[in-house]
Asks: 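My structure is below; once you've seen it, I'll send some questions.
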Amino acid sequence: MELIQRPRRLRKTESLRALVKETRLTPESFVYPLFVCEGDGIRREITSMPGCYNLSIDQLVREVETGRKVGVRSIVLFGIPDHKDATGSQAFAEDGITQRAIRAIKREFKDVVVIADNCLCEYTDHGHCGIVERGDVLNDPTLDLLAQTAVSQAEAGADIIAPSNMMDGFVAAIRSALDRSGFDQIPIMSYAVKYASAFYGPFREAAQSAPQFGDRRSYQMDPANGREALREAALDVEQGADILMVKPALPYLDIISAVKERFDLPVAAYQVSGEYAMIKAAALQGWVDERRIVTESLTAIKRAGADIILTYFAVQCAALL
Ligand code: PBG
């Protein structure tokens, strides 16, 4: 048969395939999420996320070093305080767990990009991402606390602030507070498009941040909505976001791709705890090939348009590259 077009010609050998590869994973574009807790010498594995830990500050520093050795130079930090209250006051305490952890990391490694997750749910006793009144999460009063938290994180040495709580106007509030405090050079990575997702289940065990009543659907997005994602992202761009994040990642590749298409800011995607847990669970059963499935899913996320990928597989995957 006379076939002129034969795509298989370029798939013949490993070297040919590498030559025409369109998407490459690089350790520098990974962000490694880490959970820091009080105490000393603590490395407590998270049941629903095998291979991930609650780490005390000393152990956290070691984990950052492990990542750095394989080229992962960015981390996103989640603090788990011992003391939680109605306003999440440990989120913006000068000696809060996150602030101390940031200082410890920056003291050891000047070249590591420390991204501070900016939210209240790990710090409130009710587990919601803002101030609660009569069962309602209040928007504007919460903004003041987020802004205060951002400034305290910047003062501790955070390189990027990543607000994740989906209050309306959170980027503007944080931008202006940072600017007023002399941090006009600190970028904001906005969780611009964050869905109310069941894929966050294991994270809530890791961060002990499950809402004690109700759910987050009055502030996080409906998974059914795609056009609304672009509206959310546009608002954050107007308010001064420097990086736009989509979260979760693999079930929302269409959204990553649409955001990439529409905006010219760097796009980040968060492969969340549930995505991690599903792969781990199946791999532990021997039902899927873990290495291949990790590389394939991260490649898919990058191919869809993510410039930056937040993933619990960051270090494991970087070691394979
Ligand atoms: C805080 C926050 C959450 C995640 C990141 N930041 C939890 C939530 O919104 O309930 C989820 C990350 C993950 O599942 O890996 N608001």
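Note that the numbering runs from 1 along the sequence shown for the chain. Below, each value reflects all heavy atoms present in this structure, side chains not excepted, and no hydrogens, waters or symmetry copies. We count ligands from 1, going down the list as the structure has it; atoms in each ligand are counted the same way.
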Asks: What are the atoms of ligand 1, with element, lying closer than 4.0 Å to any heavy atom of Tyr312?
Replies: 12 (C), 13 (C), 15 (O)
Asks: Run the contact test for Lys247 against ligand 1 with a 4.0 Å cut-off on heavy atoms, strictly below, and give the result.
Replies: yes
Asks: Suppose I only count heavy atoms of Asp117 and a 4.0 Å limit; which atoms of ligand 1 are within that range?
Replies: 6 (N)
Asks: Given the side-chain rings of Tyr53 and Phe35, with only the six-membered ring counted for Trp, is the space between their centroids under 6.0 Å?
Replies: no
Asks: Is any N or O atom of Glu122, backbone or side chain, closer than 3.5 Å to an N or O atom of ligand 1?
Replies: no
Asks: Are any of the heavy atoms in Tyr276 under 4.0 Å away from ligand 1?
Replies: no
Asks: Take every heavy atom of Lys194, measure it against each atom of ligand 1, and state whether any distance is under 4.0 Å.
Replies: yes
Asks: Give a yes or no on whether the backbone of Asp179 and the side-chain of Asp184 come within a donor-acceptor separation of less than 3.5 Å.
Replies: no
Asks: Could you tell me, atom by atom, which parts of ligand 1 come under 4.0 Å of a heavy atom of Tyr270?
Replies: 12 (C), 15 (O)
Asks: Kindly determine whether Asp307 and Lys302 satisfy salt bridge (Lys or Arg N to Asp or Glu O under 4.0 Å), including the steps that lead there.
Replies: CA-CA 6 Å; Asp307 303 293; Lys302 185 149 191 189; over 6 Å; no
Asks: Donor-acceptor pair, distance only, cut-off 3.5 Å: does the side chain of Asp85 make one with the backbone of Gly88?
Replies: yes
Asks: Evaluate the criterion salt bridge (Lys or Arg N to Asp or Glu O under 4.0 Å) for residue pair Glu63 and Arg43; output intermediate values, then yes/no.
Replies: CA-CA 10 Å; Glu63 190 66 24; Arg43 192 177 169 84; 3.1 Å; yes
Asks: Can you classify the ring geometry of Phe78 versus Phe203 as parallel (below 30°), tilted (30 to 60°) or perpendicular (above 60°)?
Replies: perpendicular
Asks: What atoms of ligand 1 come closer than 4.0 angstrom to any heavy atom of Cys121?
Replies: 1 (C), 16 (N)
Asks: Do Tyr123 and His83 have their ring centres less than 6.0 Å from each other?
Replies: no
Asks: Should one rank Pro33, Gly127, Ser164 by closest heavy-atom distance to atom 1 (C) of ligand 1, which comes out on top?
Replies: Ser164
Asks: Kindly write out the residues that satisfy side chain to side chain contact (heavy atoms under 4.5 Å, CB included) with Arg292, not counting sequence neighbours, or none if the list is empty.
Replies: Asp289
Asks: Heavy-atom pairs closer than 4.0 Å: do any link ligand 1 to the side chain of Asn165, the backbone, both, or neither?
Replies: neither
Asks: Nearest 0.5 Å, please: how far is CG in Leu298 from CD in Glu275?
Replies: 9.0 Å
Asks: For atom 12 (C) of ligand 1, what is the nearest protein heavy atom, given as residue, atom name and distance?
Replies: Phe203 CD1, 3.3 Å
Asks: Is it the side chain, the backbone, both or neither of Ser273 that has a heavy atom closer than 4.0 Å to ligand 1?
Replies: both
Asks: Decide whether the shortest distance between a heavy atom of Gln220 and an atom of ligand 1 is less than 4.0 Å.
Replies: yes
